[in-house]
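Order of listing sets the numbers, starting from 1, for every ligand and every atom in it. Each residue takes its place number in the sequence, starting with 1.
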Amino acid sequence: MPSEATIRLGITDEFPLLEKHQSIKGRLKTRWYQTDRLGRAIFSLLIVTLCAAVVSRVLIEIFSPFDSWPAVTIPLQDDEDNGTARSDKERRQAVKAAMKHAWGGYRKYAFGKDELQPVSNKSNNKWGGWGVSLIDALDTLHIMEMHEEFKEGVTHVANIDFSKTRANYTTPFFEMVIRSLGGLLSAYEMSLDARLLKKAQQVGDVLMPAFNTSTGIPYPRVDINSGKAVPADRVCIAEAGTVQLEYWKLSEITGNPVYHNTAQRVVDALDKARKPYKGLYPIWVDIDSGKLVSGQITFGGRGDSWYEYMIKQYIYSHRSNDQYRRMYEESIDGMKAKMIGQSIYDPELYYVGDLDSTATKFSPRFEHLTCFVPGMLALGSKTLGRPDDLELAKKLTYTCFQMYNRTDTGLSPEYVQFRTDNDTGISPLQEEINFTTVKLDAPSDKEKSDGFYLGSNRGYILRPETLESLMVMYRVTGDKVYKEWGWQIFLAIEKWTKTPSAYSAYRDVSSIKGNEELTDSMESFFLAETLKYLYLLFSPADYYSLDEYVFNTEAHPFKIMHHSRP
Ligand SMILES: *[C@@H]1O[C@H](CO)[C@@H](O)[C@H](O)[C@H]1NC(C)=O
Ligand SMILES: *[C@@H]1O[C@H](CO)[C@@H](O)[C@H](O)[C@H]1NC(C)=O
Ligand SMILES: *[C@@H]1O[C@H](CO)[C@@H](O)[C@H](O)[C@H]1NC(C)=O
Ligand SMILES: *[C@@H]1O[C@H](CO)[C@@H](O)[C@H](O)[C@H]1NC(C)=O
Ligand SMILES: *[C@@H]1O[C@H](CO)[C@@H](O)[C@H](O)[C@H]1NC(C)=O
Ligand SMILES: *[C@@H]1O[C@H](CO)[C@@H](O)[C@H](O)[C@H]1NC(C)=O
Ligand SMILES: *[C@@H]1O[C@H](CO)[C@@H](O)[C@H](O)[C@H]1NC(C)=O
C-alpha cells in the first residue's frame with residue numbers, strides 16, 4: 001500500500017498518460033525525469049518519511065513488549081515495609097524460602113520420583129514415574145532465580161524416556177499435558193535449552209494417539225507402552241478441552257501445525273454440540289457422537305479449565321481468534337444468568353454454584369477449584385472490556401478469601417455449602433430457578449455468622465486457585481488488599497502444613513490438631529502453582545506480566561504469540 005500512495009503523490013496531472021505496456025519500473029523512471037527539481041526533492045522526502053514510518057512500525061511490532069491495545073494490568077512496583085506490613089521483597093523471600101524448603105526435601109528424598117511424601121520422607125511414582133514434581137517445578141525454580149537447582153533439574157529431564165513407563169500403567173492424558181508438556185514448554189521458553197524442547201515434543205508425540213477417535217475428541221487415557229489410547233465411551237470437557245494451549249504452543253515452537261490442528265478439532269466439535277443453555281456445557285461428552293450427554297454443569301472439577309482456556313486461547317492468539325472470544329462470552333453470560341448465588345446469612349458472599357445437566361436445577365455448593373473464576377473474569381473483563389465482570393470477580397474473590405479466613409486454621413476446605421433459604425428454598429439471585437432440595441439441619445450459630453457451612457470433605461490439599469485469583473486481581477485492579485489476603489493465606493500454609501522436609505496436605509481445616517491431620521501428600525501443583533502465584537503476587541507486575549504471558553491451567557507461563565516472535 002505505501003508504494004502505491006507514493007506513486008500517486010509524486011505525479012502531477014499535467015503529464016501525459018503512460019503507455020499501457022510500459023513496465024511499472026519504466027513508468028516511474030519516465031515520470032521521475034519529467035518532474036522538476038523541487039518536485040523530486042519533495043518526492044524523495046516523502047518516500048524516505050514513509051519508509052521510515054513503515055520500518056519503525058515493523059520494528060515496534062517485533063520488539064515492543066507491549067501491545068497497542070490497552071494493557072490488562074497496571075504497572076505496579078514493590079511496596080516497602082511501612083511499619084505494619086512487611087515489604088514485598090521480604091514476602092517474596094519468605095515464599096522463596098518455602099520453595100527452597102520443599103525442593104530441598106524433594107531433592108533429598110524423592111529426586112526424580114513423582115512425589116515426595118512429606119511426612120514419612122518416602123516417595124511415590126503414582127504419575128507414571130517420570131518425576132512429575134520435578135518437571136512441574138522447573139519454571140518455578142527459574143522464576144525464583146534458583147538457577148543451580150534449575151540446571152540440575154534440566155540435566156535430569158534430558159535423560160528421561162517418556163516413551164516407556166511401568167507395565168500396566170495408563171497415563172491420564174489431560175494431567176500429563178498440563179503438568180509435563182506445559183512445564184517443559186515454559187521451561188524451554190525461559191531457558192531456550194534445546195533439550196527441554198526435545199522432551200516437550202516427545203511428551204506431545206507419545207500422547208497424540210489419544211486423539212485417534214472418530215470425532216477427534218480424545219480418550220482420557222493413553223497406554224504409552226503400546227502406543228495406543230485406552231478406548232472409552234466418554235470423557236469430561238475439562239480433560240478434552242484443556243490441552244489446546246499446550247499443543248498450540250508446541251506447534252508454534254516446532255513449526256508443525258499438526259498439533260494445533262488436531263487439538264482444535266475438539267473445540268470445534270464441542271462448540272457445535274447442542275447445549276441445554278447457551279454457553280453452558282454438561283461435563284460428560286460422548287466420544288463417538290460428540291454429544292454432551294450427562295453430568296452437571298460446573299465451573300468446578302471436570303468443567304473448570306474448559307472455560308478458562310476459552311479466554312486464555314483468545315489472549316494467546318493475540319486477540320485474533322474470534323471463535324474463542326464468542327465462546328467465552330456465551331459461557332460467562334450463561335454463568336451469570338444461571339449459576340451465581342448469594343449467601344442468605346451473609347449477603348457479602350457471592351458464589352458460583354452448579355447446575356444439573358438440563359440447566360434447570362441449581363445446587364448451592366462452591367468448590368475451591370472454582371476459585372480460579374475471579375481471576376479468569378478479571379482477565380476477561382480487561383481484555384474484552386466487560387466492566388461488570390470485574391465487579392463480580394471482586395465479590396467472588398472475597399468469598400474465596402473468606403473460605404480461608406473463616407475456618408479455625410485459616411485454610412480453605414475443598415468446598416463450602418450454602419443454604420438456599422430457611423423456608424422457601426430461594427436464594428436472592430436465583431428466583432427463576434429450581435433448587436436441588438436437600439433436607440438440612442437447622443443452621444448452627446457458626447453457619448449463621450460464617451454464611452456457609454462445611455461439607456464432609458474438609459481437606460486442604462495445598463491447592464492454588466484462590467492465590468491465582470489474588471495475583472491476577474492485584475495486577476488488574478492495583479488494590480493492595482489482595483496482597484494482604486495472600487500473605488495471610490501463606491502464613492496459614494506455613495503454620496499448619498509445613499513438615500520437616502516439605503509441606504503436606506491437611507485433612508480437616510476445622511481441626512487444630514496440627515501434625516495429626518497431615519496426610520503425607522504433596523501434589524506437584526504446590527510447587528508448580530501455589531508457591532509460584534504467591535511469589536508473583538509479591539513481585540512487580542511487569543515480572544511475568546499478564547500482558548506478555550498467559551498461564552496454562554498448571555501455572556506454566558507461555559509467551560503470548562506476538563511476544564514470542566524471534
Ligand atoms: C501499611 O500497609 C498495609 C498493607 O498495605 C496497610 O493496611 C496499612 O494501612 C499501611 N500502614 C501505613 C502506616 O501506611
Ligand atoms: C524427614 O526429613 C527431615 C529433614 O531431613 C527430618 O528432619 C525428619 O526427621 C524426617 N522424617 C522422618 C519421618 O524420617
Ligand atoms: C499387568 O496386567 C496383567 C493382566 O491384568 C497381569 O497379568 C500382569 O501381572 C500385570 N503386570 C504387572 C507388572 O503388574
Ligand atoms: C487408531 O485407531 C485405529 C482403529 O480405530 C487403529 O487401527 C490404529 O492403530 C490407531 N492408531 C494409533 C496411532 O493409535
Ligand atoms: C429465616 O427465618 C427467620 C425466622 O423466620 C427470618 O427472620 C429470616 O428473615 C429468614 N431468612 C433468612 C435469610 O434468614
Ligand atoms: C423447574 O423444573 C421443572 C420440572 O423439572 C421445569 O419444567 C422448569 O422449567 C424448571 N424451571 C426453571 C426455571 O428451570
Ligand atoms: C478475618 O477473620 C477475622 C476473624 O477471625 C476478622 O476479624 C477479620 O476481619 C477477617 N478479615 C477479613 C478481611 O474479613
Side-chain angles (χ1 to χ4, degrees), residues 74 76-92 94 97-111 113 115-124 133 162-163 170-171 173 176 202-233 235 247 258-259 261-263 265-266 287-290 401 405 470-471 473-475 477-491 497-504 514-516 518-522 537-541:
I74 49 186
L76 299 161
Q77 293 308 314
D78 277 359
D79 280 335
E80 300 297 330
D81 186 335
N82 72 1
T84 54
R86 292 171 74 181
S87 71
D88 283 341
K89 196 170 167 212
E90 287 170 299
R91 289 176 172 184
R92 215 153 56 220
M99 181 68 186
K100 284 199 154 166
H101 178 66
W103 180 259
Y106 171 76
R107 183 174 178 277
K108 188 163 175 195
Y109 298 107
F111 193 81
K113 300 281 172 40
E115 291 174 354
L116 165 70
Q117 292 177 214
V119 176
S120 63
N121 293 344
K122 293 185 179 137
S123 62
N124 70 57
S133 289
F162 289 100
S163 70
T170 61
T171 303
F173 171 59
M176 181 95 173
Q202 187 182 31
V203 173
D205 286 337
V206 299
L207 295 173
M208 284 296 276
F211 293 110
N212 186 18
T213 63
S214 56
T215 50
I217 295 168
Y219 290 125
R221 300 189 84 91
V222 179
D223 179 355
I224 285 179
N225 290 331
S226 73
K228 291 205 159 46
V230 182
D233 294 338
V235 63
Y247 274 107
V258 166
Y259 301 117
N261 293 344
T262 306
R265 277 184 73 194
V266 182
I287 292 172
D288 276 343
S289 67
F401 171 63
N405 193 44
L470 290 172
M471 186 279 263
M473 289 300 288
Y474 173 61
R475 289 183 170 200
T477 65
D479 188 340
K480 291 176 187 175
V481 76
Y482 299 120
K483 289 200 291 197
E484 298 313 311
W485 292 354
W487 183 244
Q488 188 181 315
I489 291 171
F490 175 69
L491 293 179
T497 74
K498 195 169 188 168
T499 74
S501 59
Y503 294 81
S504 168
N515 290 351
E516 268 180 57
L518 298 174
T519 64
D520 203 18
S521 160
M522 178 174 76
L537 173 63
F538 303 124
S539 297

Within this structure, what is the [atom1]-[atom2] distance for the pair [X] and [Y], rounded to the nearest 0.5 Å?
X	Y	atom1	atom2	answer
Lys498	Asn515	NZ	CG	13.0 Å
Asn124	Lys113	CG	NZ	9.5 Å
Leu470	Trp487	CG	CH2	14.0 Å
Arg475	Tyr482	CZ	OH	15.0 Å

So, is Ser501 polar-close to ligand 2, with some N/O to N/O distance under 3.5 Å?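 It does not: no N or O of Ser501 is found under 3.5 Å from an N or O of ligand 2.
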
Could you tell me whether Ser120 and ligand 2 have an N or O pair separated by under 3.5 Å?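 Not met; the criterion fails.
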
Find all atoms of ligand 2 within a distance of less than 4.0 Å from any non-hydrogen atom belonging to [X], and give their numbers and elements.
X	value
Tyr109	1 (C), 2 (O), 3 (C), 4 (C), 5 (O)
Val119	13 (C)
Pro500	3 (C), 4 (C), 6 (C), 7 (O), 8 (C)
Lys108	5 (O)

Within ligand 4, which atoms have a heavy atom of Asn212 less than 4.0 Å away?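 This gives 1 (C), 2 (O), 3 (C), 8 (C), 10 (C), 11 (N), 12 (C), 14 (O) as the contact atoms.
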
Using a 4.0 Å cut-off to any heavy atom of Lys228, which atoms of ligand 4 qualify?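 So the atoms of ligand 4 that pass are 9 (O).
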
Could I get the full list of side chain to side chain contact (heavy atoms under 4.5 Å, CB included) partners for Ala85, not counting sequence neighbours?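 Result, side chain to side chain contact (heavy atoms under 4.5 Å, CB included) vs Ala85: Asn82, Arg91, Glu484.
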
What residues, two or more places apart in sequence or in another chain, satisfy side chain to side chain contact (heavy atoms under 4.5 Å, CB included) together with Thr519?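 Per chain and number, Thr519 pairs via side chain to side chain contact (heavy atoms under 4.5 Å, CB included) with Ser504, Ala505, Arg507, Ser521.
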
Identify the protein atoms, limited to N or O, that lie within less than 3.5 Å of an N or O atom of ligand 1, and list each pair with its distance to 0.1 Å.
from	atom 1	to	atom 2	distance (Å)
ligand 1	2 (O)	Asn82	ND2	2.5
ligand 1	11 (N)	Asn82	ND2	2.8
ligand 1	11 (N)	Thr84	OG1	3.4
ligand 1	14 (O)	Asn82	ND2	3.1

Measure up the Tyr106 and Phe111 rings against each other and bin them: parallel (under 30°), tilted (30 to 60°), perpendicular (over 60°).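 Rings of Tyr106 and Phe111: tilted, 30 to 60°.
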
Does Arg221 have any side chain to side chain donor-acceptor pair (under 3.5 Å) partners at least two apart in sequence or in another chain, and if so, which?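 Testing Arg221 for side chain to side chain donor-acceptor pair (under 3.5 Å), a comparison that skips the adjacent residues, returns Thr170.
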
Given side chain to side chain contact (heavy atoms under 4.5 Å, CB included), test Tyr503 with Thr497 step by step and report yes or no. CA-CA 5 Å; Tyr503 294 81; Thr497 74; 3.4 Å; yes

